Amino acid sequence: MSRKVLIATEKPFASEAVGQIREIIEKAGYELSLLEKYTEKKELLDAVSRADALIIRSDKVDAEVLNAAENLKVVVRAGAGYDNIDCAAAKEKGIVAMNTPGQNSNAVAELVFAMMLYRARNFLTPKAGSELRMKTIGIHAYGNVGHYVAQIAKGFGMTVLAYDPFVKKEVMEKGGVTPVGSAEELYEKSDYISLHLPKMKETMGFVNEKLLQRMKKNAVLVNTARKEVVNEEDLQKALKERPDLSYLSDIAPDCAEALLSEYPGRVWFTPKKMGAQTNEANINAGVAAARQIVAYFEKGDTTFQVNK
Ligand code: 3PG
């Protein structure tokens, strides 16, 4: 019996990406099925019951989903952050969880600049705005997205600082980035701060009052990472106490409505998380996921496993 691969995406891939995934899966002699734009968890629970492999995006794969997936051997998060997979539960059931690091990073990095320019030009209104050139950007966590942000920022003529205790100074310097020794220093020196922290228990609420209060005058905080890395209570307090600060995010906080009504012109959120939503990123991440599944079944390749 041929292997069954399910793409389960509440936020679908571009159709070209699905076409390319299908080609890889069918060439390997497997079957592909699609569950897109589902609204009920039950739809996912039904669909996974027949799958040997699963491709997802931000779709939540918790213990209940894993239990319903009786034949599942591998789940690939087509993207970077895998905080939506219960990796421990998967490991316990012998299911390999993977991600596709770097494949959608440029798309997210470009959105950072769309958001910064949107703010700098007063949300595209005629009032005199400001320029990015000669300003300082602070990259908080220098992974794949941070790296692309740095490269684009240099094109804009910005000074680029980064803070990441897990990345060697030399790696940043090689990319033309100035490393700083602490998050505090980053927040004090930057006109724009771009967040790229993964969601982990250590990073939840990491951007707290202590950091927010250190932000430079008129600074803008841009979040294309995860809403949970910013402490919402502290954010509300900082926006209240510091009328010069702005917050723009690709992942609306729980308190979005209150912020939008209290601080119009200083906060903005995308209607739906869209950092990785480009044709190119969908193709890169989707194709990588499909290839990883085939390599796993055919050769036992676990290079991108995240729950070893
Ligand atoms: C990621 O972790 O890769 C990004 O947050 C993109 O998520 P998405 O695939 O749900 O758009």
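Counting convention: from 1, in listed order, for ligands and their atoms alike. These numbers come from a predicted model, not from an experiment.
Note that Arg3 lies in the cation-pi zone of Phe297, set by a 6.0 Å cut-off to the ring centre and a 45° limit from the axis.
No more than 12 heavy atoms of other residues, nucleotides or ligands shown are found within 6.0 angstrom of NZ on Lys91. With a 6.0 Å radius and a threshold of 12 heavy atoms from other residues, nucleotides or ligands, Gln213 has its CD atom above the threshold. Heavy-atom neighbours of Glu241 CD from other residues, nucleotides or ligands within 6.0 Å: above the threshold of 12.
Atoms of ligand 1 found under 4.0 Å from any heavy atom of Ala276, numbered from 1 in the order shown, are 6 (C), 11 (O). Those atoms of ligand 1 that come under 4.0 Å of a heavy atom in Ser58, given as number and element, are 7 (O), 8 (P), 10 (O). Atoms of ligand 1 lying under 4.0 Å from any heavy atom of Arg226, numbered from 1 in the order shown and given with element: 1 (C), 2 (O), 5 (O). Counting the atoms of ligand 1 from 1 in the order shown, those under 4.0 Å from a heavy atom of Gly79 are 3 (O). The contact set between ligand 1 and Asn104, taken as ligand atoms under 4.0 Å from a residue heavy atom, comprises 1 (C), 3 (O), 6 (C).
The closest non-hydrogen atom to atom 9 (O) of ligand 1, taken over Gln103, Lys272, Arg57, comes from Arg57. Among Arg77, Lys11, Lys273, Gln277, the residue whose heavy atom lies closest to atom 11 (O) of ligand 1 is Lys11.
In this pair, Tyr118 and Phe123 present their aromatic rings perpendicular. The plane angle is above 60°, beyond the 30 to 60° band.
Here the protein heavy atom with the shortest distance to atom 3 (O) of ligand 1 is Ala80 N, 2.6 Å.
Contact annotation: for Val108 versus ligand 1, there are no heavy atoms closer than 4.0 Å.
Side-chain contact, Ser58 with Lys273: a donor N or O sits under 3.5 Å from an acceptor N or O. In the model, Asn282 has no side-chain atom that pairs as donor or acceptor with a side-chain atom of Glu280 under 3.5 Å.
Each of Lys189, Arg214, Lys210 was checked for a salt bridge (charged side-chain N to carboxylate O under 4.0 Å, His left out) with Glu184, and the lone residue meeting it is Lys210.
Taking any N or O of Ala225, backbone or side chain, none lies under 3.5 Å from an N or O belonging to ligand 1. For Gly81, a nitrogen or oxygen atom sits less than 3.5 Å from a nitrogen or oxygen atom of ligand 1, counting backbone and side chain alike.
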